[in-house]
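Here the structure is a predicted model, which means the values were calculated and not measured.
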Amino acid sequence: MVEAYIFPGQGSQFPGMGKELYESSSEARDLMERANDILGFRLTDIMFAGTDEDLRATKVTQPAIFLHSYVLSQCHPALEGKTPAMVAGHSLGEFSALAAAGALSFGDALRLVSIRAREMQKCCEEVPGGMAAVIGLPDEAVEQICVGCSGTVVPANYNCPGQIVISGEKEAVEQACAMAKAAGARRALPLPVGGAFHSPLMEPARAALGKAIEAVEVREPVCPVYQNVTATPITDPAVIKSNLLKQLTAPVRWTASVLRMVSDGAGRFTEIGPGSVLQGLVRRILPGTEIPVEGIE
């Protein structure tokens, strides 16, 4: 059976994440301690004993989810000896996917995630913004609503049919939510995030992240990576680099990615990392199919 590994993004974190793996596997423990050394602070202490609030800080959340996901991909007994036929990750999860597929080394991927988190956090502090989930409208209707708003607001995550996350200036996001409700959306609610991810408001982070991406070696992955920006299978290291940077301000095309993976033969989806958000999205994208969807956390 053709297996697709998928990796979650920001929002999947939870207190205690990774602790059981750390305590049960020496290989996992070694990787986690190496991460602490690379980052220069004990990320695992926050993962294992931190509060929800501690884990919500972008500079903590992104490295924590990456670390949890990557360690699972390397150390979980259920994955031993297996190689995926294709991989994809939602936003931050794309870095986990690339590392799991061998395109990025563990150290380089973790450093990039840390720089990405730091620079995105700066954007959040310097240019206040927000995000909101719009549920119950076609993609095209949400796109037109964003175009009709007076400020900057754009589709950020095409999560599944009838569920789009929008992102931008706070007042523009609020205006878009009001317009969405008037257009018949079942829900249009702000999300508890620090800023306007995957929108033009993240543009100031481009220079530092671009420099960091350019400096690392990207190898050809062991299988195609379905990148967020194009929702197509990529193996060319130069294209992978380019798409990683574009992803900062471009939308996550998750629905299209899942459909393309199925079109290319995916017969099973396994979410690797904390939470089960992607499992739910895949089931909504593929209603009525018999394709198994499972999780390893």
Side-chain angles (χ1 to χ4, degrees), residues 6-18 31-32 34-48 50-73 88-100 103-126 129-131 156-157 165 167 191-199 201-202 204-206 208-213 216 227-229 243-250 252 254 271-275 277-278 297:
I6 52 178
F7 297 84
Q10 198 159 337
S12 297
Q13 69 277 1
F14 63 89
M17 58 189 289
L31 281 169
M32 290 182 174
R34 188 175 159 208
N36 289 333
D37 292 341
I38 289 171
L39 294 171
F41 68 95
R42 290 198 61 78
L43 175 64
T44 52
D45 289 353
I46 305 173
M47 291 169 63
F48 301 163
T51 64
D52 281 319
E53 189 65 29
D54 294 332
L55 285 167
R56 262 199 296 270
T58 298
K59 64 181 181 181
V60 171
T61 310
Q62 294 192 23
I65 292 172
F66 166 79
L67 181 59
H68 189 167
S69 299
Y70 179 79
V71 171
L72 280 172
S73 75
H90 192 287
S91 187
L92 157 73
E94 187 161 288
F95 289 82
S96 309
L98 287 165
L104 286 170
S105 71
F106 170 65
D108 283 344
L110 180 61
R111 290 183 190 94
L112 285 180
V113 167
S114 181
I115 292 167
R116 180 181 188 264
R118 183 190 70 208
E119 295 302 316
M120 289 174 74
Q121 183 71 41
K122 284 183 186 176
C123 288
C124 296
E125 293 166 358
E126 295 170 5
M131 303 178 79
N157 301 336
V165 172
S167 179
L191 297 177
V193 296
F197 305 141
H198 298 289
S199 83
L201 272 66
M202 291 291 111
R206 179 182 290 271
L209 182 60
K211 185 177 179 180
I213 289 172
V216 303
Q227 290 193 274
N228 293 172
V229 172
N243 285 342
L244 269 184
L245 185 57
K246 288 177 182 175
Q247 190 220 63
L248 190 65
T249 55
V252 174
W254 190 250
E271 180 176 8
I272 301 172
V277 171
L278 297 186
E297 61 172 322

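Remark: the backbone N or O of G275 is paired with a side-chain donor or acceptor of E297 at under 3.5 angstrom. Using modelled atom types, one side-chain atom of R111 and one backbone atom of G107 make a donor-acceptor pair closer than 3.5 Å. H198 places no side-chain N or O within donor-acceptor distance of the main-chain N or O of T249, the cut-off being under 3.5 Å. Side chain of T58 to main chain of A117: no donor-acceptor pair is present (N/O by atom type, distance under 3.5 Å, no hydrogens or angles).
Going from atom CE of M32 over to atom OG1 of T44 covers 8.0 Å, rounded to the nearest 0.5 Å. Going from atom CD of Q13 over to atom CE of M47 covers 10.5 Å, rounded to the nearest 0.5 Å. Here L201 contributes atom CG and M120 contributes atom CE; the two are 11.5 Å apart, rounded to the nearest 0.5 Å. Residue L55 holds its CG atom at 12.0 Å from OG of S12, rounded to the nearest 0.5 Å. We find the CG-CZ distance between L209 and R118 to be 9.5 Å, quoted to the nearest 0.5 Å. Here the CD1-CD distance, from I65 to Q10, works out to 6.0 Å after rounding to the nearest 0.5 Å.
The shortest distance between side-chain heavy atoms of P15 and T51 does not fall below 4.5 Å. V165 places none of its side-chain heavy atoms less than 4.5 Å from the side chain of F197. Annotation: side chain of I272 is in contact with side chain of S73 (closest heavy-atom distance under 4.5 Å). For the pair S91/Q62, no side-chain contact is recorded, criterion being any heavy-atom separation below 4.5 Å from C-beta on. Between H90 and I6 the shortest side-chain heavy-atom distance does not fall below 4.5 Å. Counting only heavy atoms from C-beta outward, the side chains of L92 and V113 approach each other to under 4.5 Å. When side chains are defined from C-beta on, R42 does not count as touching I46, because their heavy atoms never get closer than 4.5 Å. With a 4.5 Å cut-off on side-chain heavy atoms, L104 and V216 count as touching.
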- Would you sort out whether K59 and F41 count as a side chain to side chain contact (heavy atoms under 4.5 Å, CB included), showing the intermediate values? CA-CA 12 Å; K59 64 181 181 181; F41 68 95; over 6 Å; no
- Task: Go through N228 and K246 one step at a time and tell me if the side chain to side chain contact (heavy atoms under 4.5 Å, CB included) criterion holds.
- Result: CA-CA 9 Å; N228 293 172; K246 288 177 182 175; over 6 Å; no
- Message: Let's go through L39 and L110 carefully: what are the C-alpha distance in whole Å and the side-chain angles of both, what is the deciding distance for side chain to side chain contact (heavy atoms under 4.5 Å, CB included) to 0.1 Å, and is it a yes or a no?
- Response: CA-CA 8 Å; L39 294 171; L110 180 61; 4.1 Å; yes
- Item | Check against side chain to side chain contact (heavy atoms under 4.5 Å, CB included), S96 and Y70 | CA-CA 6 Å; S96 309; Y70 179 79; 5.5 Å; no
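Checking L67, L43, D45 one by one against N36, the side-chain contact (heavy atoms from CB on, under 4.5 Å) holds for a single residue, L43.
What you find for A205 and C123 is that their closest heavy atoms are N-SG, 3.6 Å.
A salt bridge does not link K122 to E125: none of the charged nitrogens lies less than 4.0 Å from a carboxylate oxygen. Ion pairing between D37 and R34 fails under the 4.0 Å rule for side-chain N and carboxylate O.
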